[in-house]
Amino acid sequence: MVQELEKVVVKFAGDSGDGMQLTGSQFTNTSALMGNDLSTFPDFPAEIRAPAGTYAGVSGFQVQIGNTEINTPGDEVDVLVAMNPAALKVNLHSLKKGGIIIADSDGFDPKNLNKINLSSNPIEDDTLSEYKLIKAPITSLTKKSIEGLGLDTKSQARCKNMFSLGVMYWLFNRNIDSTVAFIDQKFKKDLQLGDANKKALFAGYHFGETIEATPSYTVKPAKIAAGKYRQITGNTALAWGLLAASEKTAKHLFFGSYPITPASDILHELSKYKYWDVKTFQAEDEIAAICSAIGASYAGDIGVTCTAGPGLSLKAEAMGLAIMTELPLVIIDVQRGGPSTGLPTKTEQADLLQALYGRHAESPLIVIAPNTASNCFDFAYMAVKLSIEHMTPVIILSDAYLANGSEPWKIPSVNNLPAIQIPIAKFDAENKYFPYERNVEKLSRYWAVPGTKGLEHRIGGLEKEDKTGSVSYDPVNHEKMIHIRAEKVARVAQYIPEQTVIGKEKSELLVVGWGGTYGALLTAVKELQLENESISLAHFNYLNPLPKNTAEVLGNFKKILVCELNTGQFAHYLRASFPQFKYEQYNKIQGLPFGVRELKEQIKKYLIK
Amino acid sequence: MVQELEKVVVKFAGDSGDGMQLTGSQFTNTSALMGNDLSTFPDFPAEIRAPAGTYAGVSGFQVQIGNTEINTPGDEVDVLVAMNPAALKVNLHSLKKGGIIIADSDGFDPKNLNKINLSSNPIEDDTLSEYKLIKAPITSLTKKSIEGLGLDTKSQARCKNMFSLGVMYWLFNRNIDSTVAFIDQKFKKDLQLGDANKKALFAGYHFGETIEATPSYTVKPAKIAAGKYRQITGNTALAWGLLAASEKTAKHLFFGSYPITPASDILHELSKYKYWDVKTFQAEDEIAAICSAIGASYAGDIGVTCTAGPGLSLKAEAMGLAIMTELPLVIIDVQRGGPSTGLPTKTEQADLLQALYGRHAESPLIVIAPNTASNCFDFAYMAVKLSIEHMTPVIILSDAYLANGSEPWKIPSVNNLPAIQIPIAKFDAENKYFPYERNVEKLSRYWAVPGTKGLEHRIGGLEKEDKTGSVSYDPVNHEKMIHIRAEKVARVAQYIPEQTVIGKEKSELLVVGWGGTYGALLTAVKELQLENESISLAHFNYLNPLPKNTAEVLGNFKKILVCELNTGQFAHYLRASFPQFKYEQYNKIQGLPFGVRELKEQIKKYLIK
Amino acid sequence: MMAEAETINIKAPVKLTKKDFTSDQVVRWCPGCGDYAILAAMQTALPMLDIPRENHVFVSGIGCAARFPYYMETYGFHTLHGRAPSIATGVKLANPHLTVWEMTGDGDSLSIGGNHFIHTLRRNIDINIILFNNEIYGLTKGQYSPTSKKGLVTKSTPYGSVETPFSPGELVIGALGSFFARTIDTNPKHMADTFIKSVGHKGTSVVEILQNCVIFNDGTHDLITSKDTKDDYQLLLEHGKPMIFGKEKNKGIKLNGLKLEVVKLGENGITEKDLLVHDAYEADPTLHSMLARMQAPAFPVAIGVIRAVKQPTYNDLVFEQIENSKQKQKFKTVNDLLNSGETWIVE
Amino acid sequence: MMAEAETINIKAPVKLTKKDFTSDQVVRWCPGCGDYAILAAMQTALPMLDIPRENHVFVSGIGCAARFPYYMETYGFHTLHGRAPSIATGVKLANPHLTVWEMTGDGDSLSIGGNHFIHTLRRNIDINIILFNNEIYGLTKGQYSPTSKKGLVTKSTPYGSVETPFSPGELVIGALGSFFARTIDTNPKHMADTFIKSVGHKGTSVVEILQNCVIFNDGTHDLITSKDTKDDYQLLLEHGKPMIFGKEKNKGIKLNGLKLEVVKLGENGITEKDLLVHDAYEADPTLHSMLARMQAPAFPVAIGVIRAVKQPTYNDLVFEQIENSKQKQKFKTVNDLLNSGETWIVE
Ligand SMILES: Cc1ncc(C[n+]2csc(CCOP(=O)(O)OP(=O)(O)O)c2C)c(N)n1
Ligand SMILES: Cc1ncc(C[n+]2csc(CCOP(=O)(O)OP(=O)(O)O)c2C)c(N)n1
Ligand code: SF4
Ligand code: SF4
Ligand SMILES: [Mg+2]
Ligand SMILES: [Mg+2]
């Protein structure tokens with residue numbers, strides 16, 4: 001019996017060493033290839049490999065797949081794969097009542113139970129009576145299935161994730177081919193290990209068939225826009241957006257960075273493209289990273305730096321230099337839980353006020369935030385465009401949720417991306433070049449690149465004289481320059497899209513969000529709209545300057561509810577910017593994304609008339 | 001003929017090498033000793049000693065003395081001493097029409113005129129026809145007066161500032177004794193040079209007597225509160241406030257700092273007090289400076305660090321650590337003109353938003369700002385008190401104006417300063433010490449100092465479990481801790497004074513200011529009050545948290561005008577905090593303090609009904 | 001001249017045991033990580049010192065290595081990436097009676113923390129820096145570090161690293177370091193012994209531990225540490241002893257002009273007398289630098305205390321100044337200071 | 001082996017003159033400051049190089065020294081305190097055809113900028129670091145710096161500094177530097193010559209200039225630079241030449257075991273043959289380190305190019321990787337990349 005589902009949430013959970021991230025990605029890939037819409041949420045510990053069997057060591061991968069539009073990895077899990085007691089306990093609270101648990105019964109041995117102080121075995125007692133439990137001796141069956149291949153015990157144990165994947169493939173009627181191809185590719189240098197992995201995968205699949213403990217399910221392809229698709233994570237999309245901008249401008253990309261979770265993957269990705277003249281510089285620290293990018297921008301490359309919260313703090317001083325010297329510079333901040341080292345692998349949106357104000361003195365810059373894993377591509381591209389065209393630094397606020405989560409992406413063509421105008425200064429014997437002469441509309445200065453004959457000039461961090469750019473301590477000039485720099489950034493509002501509203505333009509309640517919470521907010525708002533609630537969503541990507549119709553948008557609603565993964569930073573900013581409106585807040589600061597159900601509950605409070 | 005004046009503004013201006021700062025201080029000291037109230041404003045170039053005779057090299061010292069209350073160094077100058085054409089030109093615009101100029105006619109030679117491209121000599125043509133000009137060949141008369149002492153030309157030239165001081169002493173009927181004593185002390189190892197300086201001083205005095213070009217003036221002692229007085233600058237007062245706190249708590253002061261204008265003098269001052277166990281650590285950079293202070297605080301000292309804007313940017317990450325580990329720490333920021341290196345010797349109030357928000361993630365801390373040179377003492381003391389009692393970092397926002405300006409200060413007694421409670425953790429065999437157990441009222445944790453037997457524990461920058469302080473990645477605990485840290489800082493409002501209002505409690509217009517602009521705002525508001533305007537002043541010292549009656553205070557006025565030396569940061573903050581009120585703004589961002597006249601003009605715009 | 005390293009009071013573990021130094025926290029390193037052995041060695045070493053438990057402070061930066069303080073039942077402070085030397089400096093200056101340890105990785109102390117590292121050495125602050133050198137960034141999952149071998153393929157160098165690695169010992173000496181030792185995560189006794197010697201040294205002690213990261217740089221020190229090769233690629237230095245090594249104890253280090261060379265005892269008439277004798281206490285850093293620089297396979301790698309030179313510490317000098325200035329104290333109280341200089345009375 | 005320093009194309013100043021390198025900005029150093037002479041020497045040296053003016057980029061941090069770029073009619077970037085090496089790295093990697101200069105002070109590069117300094121050296125980025133060593137923080141009005149002599153009384157050390165100063169040369173070598181030279185603000189010809197040599201060297205060149213700050217540390221280098229004493233306290237090093245110095249050219253440097261000693265020619269049978277002959281191109285840093293370390297009055301101070309060793313530069317290796325990877329380019333265009341891997345069509 002095959003039961004058809006509209007959408008389903010699956011979670012793989014085990015030890016960091018159990019390969020759950022890989023299992024999850026394979027399940028995701030296969031589902032994507034089968035045409036489902038989907039959204040993923042990998043969730044791993046701060047430790048590389050915390051002690052096996054402990055809570056600290058649990059690594060999870062959640063994915064929601066559907067035949068309808070999917071915007072979040074899902075609040076509640078329908079099917080949980082738990083490789084040991086810790087993995088079960090950590091995830092049980094999010095399992096739907098009546099949901100399915102596939103437990104590796106070998107992993108529920110006294111040693112592992114002991115590690116989390118359980119005296120009774122939850123897969124034997126009645127702890128799980130409200131769920132459908134499939135006990136599978138995964139470890140031992142895996143071993144058995146690959147006996148005789150002559151693998152050592154460690155390698156044997158490493159195959160058990162394929163067994164569990166096999167079980168899930170059977171359960172969800174997934175096509176096994178792409179994983180087989182993946183294994184062939186991955187182990188092309190170790191055929192024996194490749195064989196073992198495939199054997200384990202099939203063994204799991206057949207195990208599912210054999211026990212037939214439950215009906216099996218299927219999720220039909222989603223009805224989504226026609227085109228060619230691929231999966232993409234936010235971090236990869238940021239990297240690729242930069243590559244696209246480099247190709248489009250025919251300017252080399254210089255990426256100065258210092259590794260930090262959850263941003264490092266962008267460095268890893270970009271370091272592959274040396275052949276496109278991408279220079280990735282792994283600096284000795286975040287300050288050297290941003291300064292090298294400033295130096296590269298000064299000398300004509302596209303200078304980019306990338307970090308997470310602690311690194312953003314360290315880059316504050318150098319941002320001021322880029323602001324004063326009016327050079328292009330892109331700063332990516334993949335937000336994580338804080339303050340201080342905080343929760344390094346968890347998501348949060350708490351660097352907003354720092355991005356807006358976290359530098360000494362009057363130092364405005366552009367701040368933008370992508371809202372899905374895939375549009376990280378567009379905003380990385382846009383950041384380069386704005387930064388070059390307006391000659392000012394741009395901060396991109398991504399977050400751990402976007403960074404690691406993935407979703408299907410309709411592949412765009414680089415040809416269709418908007419052109420980028422480069423305000424390059426050229427030597428002109430008639431007209432002397434003044435470093436601080438400006439484009440009259442944008443107020444951006446012109447970029448004179450070292451090596452260009454006749455444009456020799458000096459810039460620096462001391463206050464500049466208007467037009468000439470010479471050092472000036474003149475009081476009135478200082479005030480003028482402060483205003484010019486502010487106005488230059490403010491005018492960017494003329495060059496970005498107006499703020500859109502999802503739902504009616506004018507109505508009862510406007511839900512406001514920004515950045516990575518989009519999927520959850522959109523799902524919640526759409527569901528409420530289906531419930532005939534008078535509600536719309538305004539989700540912001542452009543944070544400074546705000547879109548020029550922002551006040552208008554906000555003014556069309558009786559109530560405004562700002563939802564954020566912080567204590568209310570965007571609400572605070574809106575309040576200061578448009579004090580004429582009243583803002584309600586819903587905030588969560590648990591290192592986790594919003595759940596759709598919790599959002600709906602909270603939003604409903606403001607819908608009671 | 002001796003004319004009596006209520007108040008007078010005097011400015012000494014010359015080359016950086018001319019010793020104008022010293023001359024100004026001596027004139028100030030003598031006036032203070034003669035009982036005047038006063039306020040000073042030294043104004044020097046960013047260069048150590050820019051080329052003689054150029055605009056860039058002009059160094060000035062302005063002082064207002066009076067027989068009434070003096071709160072600013074004055075908008076317009078009554079008497080200007082100009083040692084060369086550049087010094088004249090730079091300062092002429094602020095000289096009162098009809099004011100007196102004492103010019104060193106020797107300094108107005110073709111060479112110096114040339115340096116600033118003057119074809120005609122302003123002390124010979126009719127440039128100065130609207131002023132009273134005293135031309136004195138100061139350089140040559142000085143030389144003559146000390147001929148025969150056998151000094152080399154360089155040393156001879158260095159005495160001319162004393163000559164000009166002598167002229168001013170005669171002009172204002174000042175007592176010459178204290179300067180004589182000062183010279184004796186300063187040159188006790190070089191009697192010859194001491195002699196020369198005294199000779200020049202007297203020669204100047206007698207020159208004044210001889211030419212009798214104008215009536216001479218006197219300014220009677222001011223009627224100020226009885227007591228013992230001294231002069232003090234803001235930087236010295238900050239240093240001494242810390243010393244007082246150290247003495248009062250019987251805890252050693254640890255001062256980790258990296259030199260930067262205009263904050264370095266605090267380091268210089270404190271490094272003298274080794275005998276009070278003051279440890280000044282000149283670190284290799286600002287990050288090492290703050291980190292050493294955090295380490296010292298952790299180990300039981302009073303950890304303090306001190307910097308200006310660029311350094312504050314660099315300290316951002318470490319502040320987060322102090323917030324997470326809930327250790328006492330005082331961070332002094334002597335604000336200067338920015339962004340970037342900006343105007344390093346000029347004043348500004350533009351680090352406010354950075355102080356409030358300039359760290360990644362949710363990281364609130366206490367922010368306070370002294371408002372006069374002398375109450376820098378009180379706020380330094382208060383910073384230590386709040387930091388220790390509430391176990392959280394405190395930022396003090398001073399500025400270049402307060403730092404270098406001086407005023408008479410009624411010397412307080414350390415005995416009368418409020419007690420500081422130290423929440424020290426003590427070993428107790430009955431009750432285990434938990435690093436994050438808290439005082440129930442203040443929510444501050446207890447300070448367990450290494451070396452204390454039985455209190456061994458671990459802290460760090462990862463999120464802490466409530467009470468135990470162990471590392472915790474638990475979502476709900478994280479949210480709880482974020483709220484506790486915020487609430488701890490918010491509760492400080494219960495322990496600081498309520499906001500006061502100068503003038504009527506309820507009226508038409510409330511002028512709002514904070515920090516170093518107090519003197520100018522007070523003078524302007526008081527003068528307008530005398531003109532029967534319906535106006536009051538609320539000047540803030542406690543910026544985060546704001547005093548608990550803030551909304552009440554603001555609510556009592558029809559209009560609120562926030563005046564700041566930035567583009568409106570406090571106004572922005574008030575708008576976000578109390579959006580129910582409407583805030584008008586007057587901002588100036590020229591590296592200069594407010595003038596009283598400009599303030600009155602601006603304020604009056606809001607008084608027209 | 002007897003160096004401090006030799007005079008440290010080592011006593012039988014009467015009162016304290018390894019258990020006393022073990023905290024209740026679950027150790028969270030990867031199974032097989034070299035850090036476990038380092039932890040055990042430290043917990044073995046400390047009871048041998050005559051230092052009360054509450055006087056040990058373990059300061060660390062960020063990295064796998066930097067998790068160390070959580071596992072020690074002493075005072076501990078897990079601080080910021082690279083900044084541990086500065087925090088440790090503050091701790092030591094606040095209370096010079098504390099024994100301050102800095103636990104750090106190659107990235108933490110030589111990459112982002114390089115400046116604090118060299119300045120701490122220059123000042124000779126009396127702390128013990130234990131540098132876990134796994135030649136990789138472990139905690140951020142495997143990027144090359146400033147000590148990674150040239151050519152290493154890592155996540156951030158898919159085409160191989162083009163950077164020349166620091167030699168920690170040479171950097172220490174270039175920064176005027178007074179103590180440098182090298183030890184190995186596979187030799188617990190030698191580690192414990194080296195830790196004790198580092199405490200004995202007054203001044204900044206740097207102990208480099210060749211540590212294996214099983215996950216991201218497995219086997220990088222194999223030539224030096226593995227059973228088969230270690231005898232030929234380790235030169236165990238002991239003060240006053242000739243520099244002999246090799247499975248058969250038949251190889252030695254000889255000076256040839258201004259270079260070192262490996263010689264075979266017995267060959268070409270070479271005897272023990274021709275070999276260099278180790279002098280850790282020589283102030284001149286020339287030979288120490290040469291020894292620190294030796295790299296396998298051309299040379300054996302020097303293990304043990306390479307340099308231990310008595311030099312005044314910053315903290316001692318500061319406290320001396322404090323004491324001296326108390327003799328000629330200008331003001332007794334802050335009230336005196338406030339009332340000093342030019343004052344006047346208003347009546 | 002011929003080092004790069006010798007092969008640089010030095011040509012007669014046909015097209016460019018000193019004036020071409022002089023900007024219109026008023027020079028704002030204190031009268032008498034050693035920086036003036038350095039500026040003049042640079043403006044004299046550059047016309048001798050076969051490098052177009054627009055290819056020179058002067059990058060600086062913050063300090064008196066760091067004002068330098070304003071006065072040069074070339075590209076110039078006055079950046080942040082301590083960060084010039086990183087900015088310069090970015091400039092060089094963006095465009096390796098530029099000649100990149102870093103103008104810096106002892107505080108700028110050895111205090112706050114120490115980490116970037118040593119990492120730049122380790123990577124061997126091809127830039128020229130001109131280090132104005134006045135042993136003081138000039139611009140902030142006179143605090144001691146990491147090169148100030150121990151005991152120096154400054155604004156921040158009223159009781160005298162307790163810190164041991166860095167020896168820039170030793171630090172450079174400890175950080176694997178490939179080029180180190182020392183010159184003097186009172187010797188314009190030698191300065192100009194050294195600048196030219198630094199450009200000739202491929203890799204990070206560090207030129208330490210003993211510079212006098214007339215205001216805050218006047219005369220700190222007097223023993224080495226003053227007319228009376230300079231011959232006895234300067235050892236002018238030239239590659240291939242014996243190390244002779246002294247007013248009468250009768251003193252020399254000899255190796256004694258692993259130490260240097262000053263000897264008198266003619267005394268105790270010492271002849272020129274006994275003296276060390278300078279080899280700037282020797283890869284082994286031992287002797288260079290010893291030479292860099294020599295301090296007056298016990299020794300003369302080494303002036304000239306102490307070390308100039310050919311080593312691959314980071315920038316060359318990076319551009320090599322770029323070129324090589326172009327041979328086996330995986331994707332032609334970004335569109336190819338976007339469409340690579342697992343994709344599927346929705347109809
Ligand atoms: C300011 C800052 N930048 C970057 C990081 C990310 N980070 C944490 S540990 C680490 C490197 C760790 O390498 P190492 O010091 O060698 O320690 P190991 O993990 O190898 O023991 C980095 C880059 C951080 N935590 N903080
Ligand atoms: C981040 C930062 N910290 C501190 C300063 C203040 N500062 C400017 S220059 C300088 C030291 C200058 O010393 P040095 O590099 O030796 O240059 P010199 O003036 O002696 O030529 C300091 C501390 C600054 N500008 N920026
Ligand atoms: S990643 Fe490497 S260094 Fe870190 S705990 Fe694992 S094995 Fe040890
Ligand atoms: S302070 Fe010293 S280094 Fe700076 S310009 Fe003046 S003399 Fe030169
Ligand atoms: Mg490491
Ligand atoms: Mg200097």
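So that the names make sense, note that chain A is the first sequence line, chain B the second, and so on, each numbered from 1.
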Query - Qualifying residues under side chain to side chain contact (heavy atoms under 4.5 Å, CB included), relative to B:Ala283, sequence neighbours excluded - result: B:Phe281, B:Ala288, B:Ala289
Query raised in the report: Distance from D:Thr183 atom OG1 to D:Asn133 atom CG, nearest 0.5 Å?
Result: 12.5 Å
Report task. Give a yes or no answer on whether the side chain of D:Thr22 reaches the backbone of D:Lys18 with a donor-acceptor pair at less than 3.5 Å. Result -> yes
Output all donor-acceptor pairs under 3.5 Å across chain D and chain B; consider backbone as well as side chains.
from	atom 1	to	atom 2	distance (Å)
D:Arg28	NH1	B:Glu47	OE2	3.2
D:Arg67	NH1	B:Glu47	OE2	2.6
D:Arg67	NH2	B:Glu47	OE2	3.3
D:His81	NE2	B:Tyr258	OH	2.7
D:Ser111	OG	B:Glu284	O	2.9
D:Ile112	N	B:Glu284	O	3.0
D:Gln143	NE2	B:His268	NE2	2.8
D:Tyr144	O	B:Gln282	NE2	2.7
D:Ser156	OG	B:Gln282	OE1	2.5
D:Tyr159	OH	B:Lys272	O	2.8

Query raised in the report: Can you name the residues that form a ring pair (Phe, Tyr, Trp, His ring centres under 6.0 Å) with B:Phe254, not counting sequence neighbours?
Result: none
**Report entry** Atom of B:Pro85, atom of B:Leu113 and distance for their closest heavy-atom approach
**Finding:** CG-CD2, 3.6 Å
Query raised in the report: Most heavy-atom pairs under 4.5 angstrom with chain B, which of D:Cys30, D:Cys64, D:Pro146?
Result: D:Cys30
Query - Non-neighbouring partners of B:Phe12 that pass ring pair (Phe, Tyr, Trp, His ring centres under 6.0 Å), sequence neighbours left out - result: B:Phe27
**Report entry** Part of D:Leu110 within contact of chain B (heavy atom distance under 4.5 Å)
**Finding:** neither
Query raised in the report: Got a donor-acceptor contact below 3.5 angstrom from the D:Asn124 side chain to the D:Leu121 backbone?
Result: no
Query raised in the report: Of the backbone (N, CA, C, O) and the side chain (C-beta and beyond), which part of D:Ile215 lies under 4.5 Å from a heavy atom of chain B, both, or neither?
Result: side chain
Query raised in the report: Taking D:Arg182 for the side chain and D:Ala292 for the main chain, is one N or O donor matched with an acceptor at less than 3.5 Å?
Result: yes
Requested in this report: Go through the atoms of B:Leu314 and report whether side chain, backbone, both or neither lie under 4.5 Å from a heavy atom of chain D.
Outcome: side chain
